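Worksheet for the structure shown next.
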Amino acid sequence: QKAIKIISIIMVAIGFIVGIMSLANIFTGGAGLAFTSETATSAEVLGTGIGLLLVALVNILIGFCGLRGAKNASKIKPFYFFSIVGLLLSAAGIISGLTQGQGITAITSHIVSLLLIIICVLLANNVRHQG
């Protein structure tokens, strides 16, 4: 359960960083993000910002639920649930990035996020089967 605590802290940190990026994207019209194209419409910029805000929220929920589950194994189910949601969002991010022609940096970011969330799912699943 120490591994869950460590990965949860990482997920909370990533969530806050992504949240700040998403708010910067929304309030600056995309100037805060390097991968926003110069020809992006305001709707596209807003959509990207809202999407990033959703990812940030899920990452923060994964982190806090993981910290709670690390203290008490009987409370691991929300960590598992939000990890599955994060897994689906990360997979969608990779597919979206590939279909929209995002650069290698954005795709790599999605892949790293997917790997972290896979670790969360596996750790939560191990605790669920132990208890």
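All residue numbers in this chain count up from 1 along the given sequence. Please read these numbers as outputs of a predicted model, since none were measured by experiment.
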Would a single hydrophobic cluster contain both L61 and I6, if residues Ile, Leu, Val, Met, Phe, Trp and Tyr are joined by side-chain heavy-atom contacts under 4.5 Å?
yes

Say you draw a straight line from CD1 of I107 to CG of L98; how long is it, rounded to the nearest 0.5 Å?
4.0 Å

In Å and rounded to the nearest 0.5 Å, what is the CG to CD1 distance from N125 to I84?
8.0 Å

Could I get the full list of side-chain contact (heavy atoms from CB on, under 4.5 Å) partners for C120, not counting sequence neighbours?
I7, M11, I62, F79, S83

Please report the shortest heavy-atom distance between A70 and I4, naming the atom on each side.
CB-CG2, 4.0 Å

Report the residues that fulfil side-chain hydrogen bond (donor to acceptor under 3.5 Å, both in side chains) with Q100, sequence neighbours left out, ordered by chain and then residue number.
S96

Do you reckon L54 sits in the same ILVMFWY cluster as I117, going by side-chain contacts under 4.5 Å, direct or chained?
yes

Linking Ile, Leu, Val, Met, Phe, Trp and Tyr through side-chain heavy atoms less than 4.5 Å apart, which residues share a cluster with I104?
none

Atom CG in L116, atom CD1 in I14: separation rounded to 0.5 Å?
5.0 Å

Quick one: list whatever passes side-chain contact (heavy atoms from CB on, under 4.5 Å) with F64, sequence neighbours left out.
V12, I60, L67

Between OG on residue S113 and CG on residue N59, distance to nearest 0.5 Å
5.5 Å

Once side-chain hydrogen bond (donor to acceptor under 3.5 Å, both in side chains) is applied, do any residues pair with T99, and if so which ones, sequence neighbours excluded?
none

hydrophobic_cluster_shared for L89 and L122, side chain cutoff 4.5 Å:
yes

Quick check for you: to the nearest 0.5 Å, what is the distance between Y80 atom OH and N126 atom CG?
10.5 Å

Kindly work out whether a path of hydrophobic side-chain contacts (I/L/V/M/F/W/Y, heavy atoms less than 4.5 Å apart) joins L115 to L123.
yes

Distance check, rounded to the nearest 0.5 Å: L53 atom CG versus I20 atom CD1?
11.5 Å

Of all heavy-atom pairs between P78 and R68, which one has the smallest distance, and what is that distance?
CG-NH1, 4.1 Å

In terms of hydrophobic clusters joined by side-chain contacts under 4.5 Å, are F82 and F16 together?
no

Selection residues 2-13 - residue pairs positive for side-chain hydrogen bond (donor to acceptor under 3.5 Å, both in side chains), sequence neighbours left out
none

Under the side-chain contact (heavy atoms from CB on, under 4.5 Å) test, residues paired with L114 that sit two or more places apart
L87, S90, I94, I118

Tell me every residue that passes side-chain contact (heavy atoms from CB on, under 4.5 Å) with K71, counting only those two or more places apart in sequence or in another chain.
none

Shortest non-hydrogen separation from S22 to L52 and the atoms involved
CB-CB, 3.4 Å

